[in-house]
Amino acid sequence: MLENLVSVLKADKRKIVFTEGPDARILEATARLLKDELLDVILVGNVDEVKAAAAAGGFDITGAEILDPLTYEGMDEMVAKMVELRKGKMTAEQCAAALSKGNYFGTMLVKMGKADALLGGATYSTADTVRPALQLIKTKPGNKIVSSCFILFRTAADGSDEKYAMGDCAININPGEDDLVEIAIETARTAKAFDIDPKVALLSYSTKGSGKGETVDMMRNATEKVKAAAPDLAVDGELQFDAAFSPVVAQTKAKGSPVAGQANTFIFPDINAGNIGYKIAQRLGGFEAFGPILQGLNAPINDLSRGCNAEEVYKMAIITAGLK
């Protein structure tokens, strides 16, 4: 699943910053990343505390750089840069207070080129990971929102790989038509990074007008806007999931569609549908879920679940840095 990204990192070694350095899961993943020579690592936290936690867990983090916001020599420069970026919205004192915390400090390390990527959220909430990114890293040119997707993976009975992309399952609660256009295009781009040739279905409880309602109209209109914005992208909507996924159902409900019956990149109308949908695939379908992978930012920054384990941290670090 991660072979392409591992190859990228072996050819172009990058540096990732973990905002929660003393966390045992972060330390275990760090030890493995360093042993595998995949990434250079910055751990944010008190030096003695991080080293003690590593020793207690038996994790060899030799080679990792440990940076403490409270003793960081470049803090004055960092504060000045943040004041400039916030453009009068925060005073120097407010910026200094924010930068004493690992989430803002780590984000500024990326902004100032001290690290290539950031992974946080083992103890921080999603909002506390995304907010500094929006304020300091900001969205890519042409993007107005940050979105997310999950990559779902499992090995099929015949030994082949099954891979799907699903968005947005974690960030945008009630996206509008234009938001859905960005989500669809960015999710397709993420899918390509995982060697998925994206065939994008904008999902609904209706297929091609079989149902009525505001969200049906929204998904249909968003589909047309995606086609106009990305004419080379295979996309269709509005489609029910069975019509998008099953070739047999597609022949009945959406005959002639370039996507129906073969979709592998699914765009949900809101976060309720997206979050429920990927978790059903994960828990009932036996898929491994990679994500949430944040999309639309100027630099690779990702969020962990606070219930994550070290294996998930390791894989998400590869994904985060590899998608740079």
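FYI, side chains are in, hydrogens and waters are out, and symmetry mates aren't considered; it's all heavy atoms of this structure.
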Output a table of donor-acceptor pairs, distance under 3.5 Å, between side-chain atoms of residues 213-220 and any protein atom two or more places apart or on a different chain; print 'none' if there are none.
from	atom 1	to	atom 2	distance (Å)
Asp217	OD1	Arg220	NH1	3.0
Arg220	NE	Glu238	OE1	3.4

Exercise for the section: Among Ile, Leu, Val, Met, Phe, Trp and Tyr joined by side-chain contacts under 4.5 Å, find the other residues sharing a cluster with Ile271 and list them by chain and number. Expected result: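 Other cluster members: Ile173.
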Problem - Members besides Ile276 in its Ile/Leu/Val/Met/Phe/Trp/Tyr cluster (side-chain heavy atoms under 4.5 Å) - result: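 The other cluster members (ILVMFWY side chains, heavy atoms under 4.5 Å, direct or chained) are Ile280, Leu284.
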Between the side chain of [X] and the main-chain N/O of [Y], is any donor-acceptor distance below 3.5 Å?
| X | Y | answer |
| --- | --- | --- |
| Ser210 | Thr207 | yes |
| Asp116 | Arg14 | no |
| Tyr314 | Ile26 | no |

Problem - Atom NZ of Lys35: over 12 foreign heavy atoms under 6.0 Å - result: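 At most 12 heavy atoms, drawn from other residues, nucleotides or ligands, come within 6.0 Å of this atom.
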Exercise for the section: Kindly check if the number of other-residue, nucleotide or ligand heavy atoms within 6.0 Å of NZ (Lys114) is above 12? Expected result: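 Count not over threshold, so no.
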Taking distance alone, no hydrogens or angles, what donor-acceptor pairs closer than 3.5 Å link side-chain atoms of residues 37-52 to residues at least two apart or in another chain?
from	atom 1	to	atom 2	distance (Å)
Asn46	OD1	Asp48	N	3.1
Asn46	OD1	Glu49	N	2.9

Problem - Partners meeting side chain to side chain donor-acceptor pair (under 3.5 Å) with Gln282 (sequence neighbours left out) - result: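 Per chain and number, Gln282 pairs via side chain to side chain donor-acceptor pair (under 3.5 Å) with no residue.
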Exercise for the section: Mind checking the CG-CG spacing from Leu99 to Leu70? Nearest 0.5 Å is all I need. Expected result: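 It is 11.0 Å, given to the nearest 0.5 Å.
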Exercise for the section: With sequence neighbours excluded, tell me which residues meet ring-ring contact (aromatic ring centres under 6.0 Å, His included) with Phe268. Expected result: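 Phe268 satisfies ring-ring contact (aromatic ring centres under 6.0 Å, His included) with no other residue.
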Exercise for the section: For the pair Glu28 and Arg25, evaluate salt bridge (charged side-chain N to carboxylate O under 4.0 Å, His left out) and give the outcome as yes or no after the intermediate values. Expected result: CA-CA 5 Å; Glu28 183 176 347; Arg25 297 163 295 178; over 6 Å; no
Handout entry: salt bridge (Lys or Arg N to Asp or Glu O under 4.0 Å) contacts touching residues 165-178 (sequence neighbours left out)
Key =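 Residue pairs with at least one partner in residues 165-178: Glu177-Lys225, Asp178-Lys225.
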Problem - side chain to side chain contact (heavy atoms under 4.5 Å, CB included) against Asn272, all qualifying residues, sequence neighbours excluded - result: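 Testing Asn272 for side chain to side chain contact (heavy atoms under 4.5 Å, CB included), a comparison that skips the adjacent residues, returns Asp270.
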Exercise for the section: Please name the pair of heavy atoms, one in Glu162 and one in Ala156, separated by the smallest distance, quoted to 0.1 Å. Expected result: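 Result for this residue pair: OE2-CB, 3.6 Å.
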Which atom pairs, one a donor and one an acceptor, fall under 3.5 Å between side chains of residues 258-267 and the rest of the protein, sequence neighbours left out?
from	atom 1	to	atom 2	distance (Å)
Gln262	NE2	Pro258	O	3.1
Asn264	OD1	Lys199	N	2.8
Asn264	ND2	Asp197	O	2.8

Result block: side-chain N/O donor-acceptor pairs under 3.5 angstrom for residues 118-137, not counting sequence neighbours:
from	atom 1	to	atom 2	distance (Å)
Thr123	OG1	Glu20	OE2	2.9
Tyr124	OH	Gly102	N	3.1
Tyr124	OH	Asn103	N	3.4
Ser125	OG	Asp128	N	3.1
Ser125	OG	Asp128	OD2	3.3
Thr126	OG1	Asp303	OD2	2.5
Asp128	OD1	Arg131	NH1	2.9
Thr129	OG1	Ser125	O	3.4
Thr129	OG1	Asp303	OD1	3.4
Gln135	OE1	Tyr104	OH	2.7

Compile the donor-acceptor pairs under 3.5 Å between side chains in residues 244-255 and protein atoms, sequence neighbours left out, one pair per line.
from	atom 1	to	atom 2	distance (Å)
Ser246	OG	Val248	N	3.3
Ser246	OG	Val249	N	3.2
Lys253	NZ	Gln240	OE1	3.1
Lys253	NZ	Asp242	OD1	3.4
Lys253	NZ	Asp242	OD2	3.0

Kindly list each side-chain donor-acceptor pair under 3.5 angstrom involving residues 286-297, sequence neighbours excluded, with atom names and distances?
from	atom 1	to	atom 2	distance (Å)
Glu288	OE2	Lys315	NZ	2.7
Gln295	OE1	Thr190	OG1	2.7
Gln295	NE2	Ser147	OG	2.9
Gln295	NE2	Thr187	OG1	3.3

